[in-house]
Amino acid sequence: MRLSQFHLATVKEVPADAEIASHQLMLRAGMIRRLASGLYTWSPLGLRVLRKVEAIVREEMNRAGAIEMLMPSIQPKELWEETGRWQKFGGQLLKIRDRKQQEFCYGPTHEEVVTDFARNELKSYKQLPVNFYQIQTKFRDEIRPRFGVMRAREFLMKDAYSFHLTQESLAETYQAMYQAYTRIFTRLGLTFRAVQADTGAIGGNASHEFQVLADSGEDAIVFSDGSDYAANIEKAEALAPTGERPAPGAALQRVDTPTQKTIAEVSALLQVTPRQCVKTLLVRGRDGLVALCLRGDHEINEVKAGKLAELPDESVLASEEEILAVCGTRPGFIGPVGLPQSVPVIVDRDAALLADFVCGGNADGTHFTGANWLRDARITRIADLRSVVEGDLSPDGLGVLHLARGIEVGHVFQLGSKYAEALDASVIDDQGKAQVMLMGCYGIGVSRIVAAAIEQRHDAAGILWPQAMAPWQIAVCVINPKNLPTVSAVAEALYQSLSERGIEAVLDDRGLRPGGMFADMELIGIPHRVVVSERGLASGTLEYRARDQAESRALSEAELFALLD
RNA sequence: CGGGGUAUAGCUCAGUCUGGUAGAGCGUUGCGUUUGGGACGCAAAAGUCGGGGGUUCGAAUCCCUCUGCCCCGACCA
């Protein structure tokens, strides 16, 4: 590509609202332009990168035996009512009407459509297993779009759906996808981890997320230093502590804590550590309020709470009025001691081991000290309620857990029969009987990968693309060609021979001053750069510099080709 | 959805408190000088000050209202 024939649109300034590096650099490099909240135009430069990612994803999906197809982005309401998700999906589902007032949605995912396709196309077990995929634009009306294409409303996704007669077959394809994903992210040059993920309300046997490690990531992940255990923090089990609860040693005593509501305030006032306190959360259960008790230094894990039989999938804190009605106090002074019998008290494993602890007094402005389970407070049930913390033992018993931040770029999931059942997608088995198919689904956030890569690889000057994602491999910069026509000719010849070798080169023939040219090529992250100038011609060598190195070095043309091959 | 902020030239932003001729930098266009790390000079084009309503002799500025956008929060007592 000759840059004089391209539309490169770098800018020096960046809107103040671009917060993270990838968003800022994508705007500065002119890869994307915002059209509306969560909607971005991909410029020619940005599209080159997006296509690189897409191509690798496509190659590896094909290699793993998946078959590409393309489904509509707009989907009819009726299909979504069959699975019940027209209501359940909530506000993220963008609903639209056509001129006849028929209702549709812009597809946030394609389980319904692909299962409908499958139930019409797949009739015999002999057609299974099969794995369909597409690379399609999706729309999710995010509560709060942010970070550019990282959490956009419209985004490009690869989604695959596999169909099976047996669980073994599903597990096999799941494994194949897991491996394909590992190849994809490795080829893309990303530092990532596959982590166990929560399967959510859908259930199912297995789910893994592929997380690109980056401090700006929105997900918390944990991994063991003594094994290959890794999980999303939503999923990670906090091992049951060993040891017995000590016998009560202190008397229950009510103390004044007039304005101390938080664990930090209470523990500071009473001169105890947060881990000697119990915090009590009142949430709306399926049948009245439920108390959840945790050690003061621990945090509730909402996914774990959602799995309790007493609670709905997504628990909601009780309102101040509800709390006042049930336990006669306001938030900040709730405790397990003396709660009405109607309120189940579910206690975290670690909190259940405390003795002589501090907790809310169930009366405004007071807490208890010297509280003890059983003697002073009921335990309806002990459960794993908390999120793991740095230093916890790994659930597999090997090593200690560490926390990191990640950007979710892929997710593989064994769906089971949920959608096939709802849409009655079945095939005839070898006994001549109809059997509902089992499904897996496998997503990759193609556009998000571009942002994730930048989060992981950038410096003060701009982006450092991994080789596989770079819009071009090498930039040929022509310096001051007006003075010496041979400079242009040599640059042109070099550009030609690079192209003939199948090396993607960009010729910067815009006639900029050197500083502007270098700054642009560094900003847009081209891995290799060669400068052609009067000075270089005199020495008979090429001036080469790698994007990630501070110094240039002289190379012959042969050496340059060897480097790039 | 709750709270906060913001909207002025293509971009980034001053100006608003205290009403009185619309500003800067970057970018763009032209001419000239420059040419190894975002050059310099001269000249120029460019804004319905988000929309609507009101107050006033007079509104970017004050008041009301609508809209867009951004941030924080949406459970952790």
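Reminder, nothing fancy here: chain letters follow the sequence lines and each chain counts from 1. The model shown is predicted, which means the values in this text are computed figures rather than measured ones.
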> Under 4.0 angstrom, heavy atoms only, what part of the nucleic acid is Val283(A) near: base, sugar-phosphate, or nothing?
Replying inline: nothing

Please tabulate, for the side chains in residues 280-287 of chain A, all donor-acceptor contacts under 3.5 angstrom to protein atoms that are two or more places apart in sequence or on a different chain.
{"unit_1": "Arg284(A)", "atom_1": "NE", "unit_2": "Glu322(A)", "atom_2": "OE1", "d": "2.9"}
{"unit_1": "Arg284(A)", "atom_1": "NE", "unit_2": "Glu322(A)", "atom_2": "OE2", "d": "3.2"}
{"unit_1": "Arg284(A)", "atom_1": "NH2", "unit_2": "Glu322(A)", "atom_2": "OE1", "d": "3.1"}
{"unit_1": "Arg286(A)", "atom_1": "NE", "unit_2": "Ala309(A)", "atom_2": "O", "d": "3.3"}
{"unit_1": "Arg286(A)", "atom_1": "NE", "unit_2": "Leu311(A)", "atom_2": "O", "d": "3.3"}
{"unit_1": "Arg286(A)", "atom_1": "NH2", "unit_2": "Leu311(A)", "atom_2": "O", "d": "3.3"}

>> Between A39(B) and C26(B), how far apart are the two P atoms, rounded to whole Å?
In response: 11 Å

> Of the nucleotides C71(B), G37(B), C69(B), which has the atom closest to the Ala519(A) side chain?
Replying inline: G37(B)

> When all nucleic acid strands are considered with a 4.0 Å heavy-atom cut-off, which category describes Arg529(A): base, sugar-phosphate, or nothing?
Replying inline: base

>> Give me the distance, rounded to whole Å, that separates A24(B) from A9(B) when you measure between the P atoms they each carry.
In response: 13 Å

> Expressed in angstrom and rounded to an integer, what is the separation of Lys12(A) atom NZ from A24(B) atom P?
Replying inline: 18 Å

> Does atom CG of Asp459(A) have more than 12 heavy-atom neighbours, drawn from other residues, nucleotides or ligands, at distances under 6.0 Å?
Replying inline: yes

> Of all residues at least two apart in sequence or in a different chain, which pass the salt bridge (Lys or Arg N to Asp or Glu O under 4.0 Å) check with Glu504(A)?
Replying inline: Arg48(A), Lys52(A)

> Heavy atoms under 4.0 Å, any strand shown: does Arg535(A) hit a base, just sugar-phosphate, or nothing?
Replying inline: base

> Do any pairs count as a side-chain hydrogen bond (donor to acceptor under 3.5 Å, both in side chains) and have a residue in residues 475-487 of chain A, sequence neighbours left out, and if so which ones?
Replying inline: none

> Between C70(B) atom C1' and Arg153(A) atom CZ, what is the distance in whole Å?
Replying inline: 13 Å

Donor-acceptor pairs under 3.5 angstrom involving side-chain atoms of residues 26-34 of chain A: please list them, not counting sequence neighbours.
{"unit_1": "Arg33(A)", "atom_1": "NH1", "unit_2": "Leu27(A)", "atom_2": "O", "d": "3.0"}
{"unit_1": "Arg33(A)", "atom_1": "NH2", "unit_2": "Ala9(A)", "atom_2": "O", "d": "2.8"}

>> Less than 3.5 Å apart, any donor N or O on the side chain of Glu209(A) or Asn232(A) sitting next to an acceptor on the other?
In response: yes

> Can you tell me the Watson-Crick or wobble partner of G2(B), both distances under 3.5 angstrom?
Replying inline: C72(B)

>> Applying side-chain hydrogen bond (donor to acceptor under 3.5 Å, both in side chains), can you list everything that pairs with Ser267(A), at least two apart in sequence or on another chain?
In response: none

>> Please classify the nucleic acid contact of Asp520(A) as base, sugar-phosphate, or nothing, using heavy-atom distances under 4.0 Å.
In response: base

>> Please enumerate all residues that pass salt bridge (Lys or Arg N to Asp or Glu O under 4.0 Å) together with Arg510(A), with sequence neighbours excluded.
In response: Asp508(A), Asp520(A)

Would you list the atom pairs, donor with acceptor, under 3.5 Å between side chains in residues 346-359 of chain A and any protein atom, with sequence neighbours excluded?
{"unit_1": "Asp348(A)", "atom_1": "OD1", "unit_2": "Leu385(A)", "atom_2": "N", "d": "2.8"}
{"unit_1": "Asp348(A)", "atom_1": "OD1", "unit_2": "Arg386(A)", "atom_2": "N", "d": "3.3"}
{"unit_1": "Asp348(A)", "atom_1": "OD2", "unit_2": "Asp350(A)", "atom_2": "N", "d": "3.1"}
{"unit_1": "Arg349(A)", "atom_1": "NH1", "unit_2": "Glu237(A)", "atom_2": "OE2", "d": "3.2"}
{"unit_1": "Arg349(A)", "atom_1": "NH1", "unit_2": "Ala238(A)", "atom_2": "O", "d": "2.6"}
{"unit_1": "Arg349(A)", "atom_1": "NH2", "unit_2": "Glu237(A)", "atom_2": "OE2", "d": "3.4"}
{"unit_1": "Asp350(A)", "atom_1": "OD2", "unit_2": "Arg386(A)", "atom_2": "NE", "d": "2.7"}
{"unit_1": "Asp350(A)", "atom_1": "OD2", "unit_2": "Arg386(A)", "atom_2": "NH2", "d": "3.2"}
{"unit_1": "Asp356(A)", "atom_1": "OD1", "unit_2": "Gly249(A)", "atom_2": "N", "d": "3.0"}
{"unit_1": "Asp356(A)", "atom_1": "OD1", "unit_2": "Ala250(A)", "atom_2": "N", "d": "3.1"}
{"unit_1": "Asp356(A)", "atom_1": "OD1", "unit_2": "Asn372(A)", "atom_2": "ND2", "d": "2.8"}
{"unit_1": "Asp356(A)", "atom_1": "OD2", "unit_2": "Gly249(A)", "atom_2": "N", "d": "3.2"}

> Rounded to the Å, how far apart are Arg34(A) CZ and C71(B) C1'?
Replying inline: 14 Å

> For atom P, what is the distance between G10(B) and U55(B), given to the nearest Å?
Replying inline: 32 Å

> What orientation do Phe223(A) and His402(A) show, parallel under 30°, tilted 30 to 60°, or perpendicular over 60°?
Replying inline: tilted

>> Taking the minimum atom-to-atom distance to the side chain of Glu19(A), which one of C71(B), C69(B), G37(B) wins?
In response: C71(B)

> With a 4.0 Å cut-off on heavy atoms, is Leu282(A) in touch with a base, just the backbone sugar-phosphate, or nothing at all?
Replying inline: base

>> Whole angstroms only, please: what is the CZ-C1' distance between Phe518(A) and A39(B)?
In response: 15 Å

> If we call it a pair only when both distances are under 3.5 Å in a Watson-Crick or G-U wobble match, what pairs with A43(B)?
Replying inline: U29(B)

>> Work out how far the C1' atom of U18(B) is from that of G25(B), and round it to whole angstrom.
In response: 27 Å

> Separation of Gln24(A) atom CD from U12(B) atom P, in whole Å?
Replying inline: 13 Å

Distances for protein N/O vs nucleotides 5-11 of chain B N/O pairs under 3.5 angstrom?
none

> Say you pick atom C1' in G51(B) and the same atom in C13(B); how far apart are they, in whole Å?
Replying inline: 23 Å

Every protein N/O within reach of nucleotides 30-34 of chain B N/O, cut-off under 3.5 Å:
{"unit_1": "U34(B)", "atom_1": "O2", "unit_2": "Arg513(A)", "atom_2": "NH1", "d": "2.6"}

> Which nucleotide in the list C70(B), C1(B), G37(B) gets nearest to the side chain of Ile143(A)?
Replying inline: C1(B)

> Is G19(B) paired to anything, Watson-Crick or G-U wobble with both distances less than 3.5 Å, and if yes, which nucleotide?
Replying inline: none

> Looking across every strand, which nucleic acid part, if any, lies under 4.0 Å from Glu534(A) by heavy atom: base, sugar-phosphate, or nothing?
Replying inline: nothing

>> The side chain of Asn480(A) is closest to which nucleotide in this list: C71(B), G38(B), U35(B)?
In response: U35(B)

>> Please tell me whether Ser207(A) and His411(A) have a donor and an acceptor in their side chains that are separated by less than 3.5 angstrom.
In response: yes

>> For a quick check of understanding: with a heavy-atom distance under 4.0 Å over all strands, which category does Pro331(A) fall into, base, sugar-phosphate or nothing?
In response: base

>> I'd like the C1' distance from G23(B) over to C49(B), given in whole Å.
In response: 12 Å

>> Testing the 3.5 Å rule here: is there a donor-acceptor pair between the side chains of Glu455(A) and Ser216(A)?
In response: yes

>> Measure NE2/His7(A) against P/U28(B) and give the value in whole Å, please.
In response: 12 Å

> Paired with A9(B): which nucleotide, if any, by Watson-Crick or G-U wobble criteria at under 3.5 Å for both distances?
Replying inline: none

> Expressed in whole Å, how much space separates the P atoms belonging to G2(B) and G58(B)?
Replying inline: 38 Å

> Looking across every strand, which nucleic acid part, if any, lies under 4.0 Å from Arg545(A) by heavy atom: base, sugar-phosphate, or nothing?
Replying inline: base

>> Roughly how many Å apart are A74(B) and G20(B), using the C1' atom of each and rounding to a whole number?
In response: 47 Å

>> When you measure from the side-chain N and O atoms of Ser37(A) to the phosphate of G68(B), is any distance below 4.0 Å, counting only OP1 and OP2?
In response: no

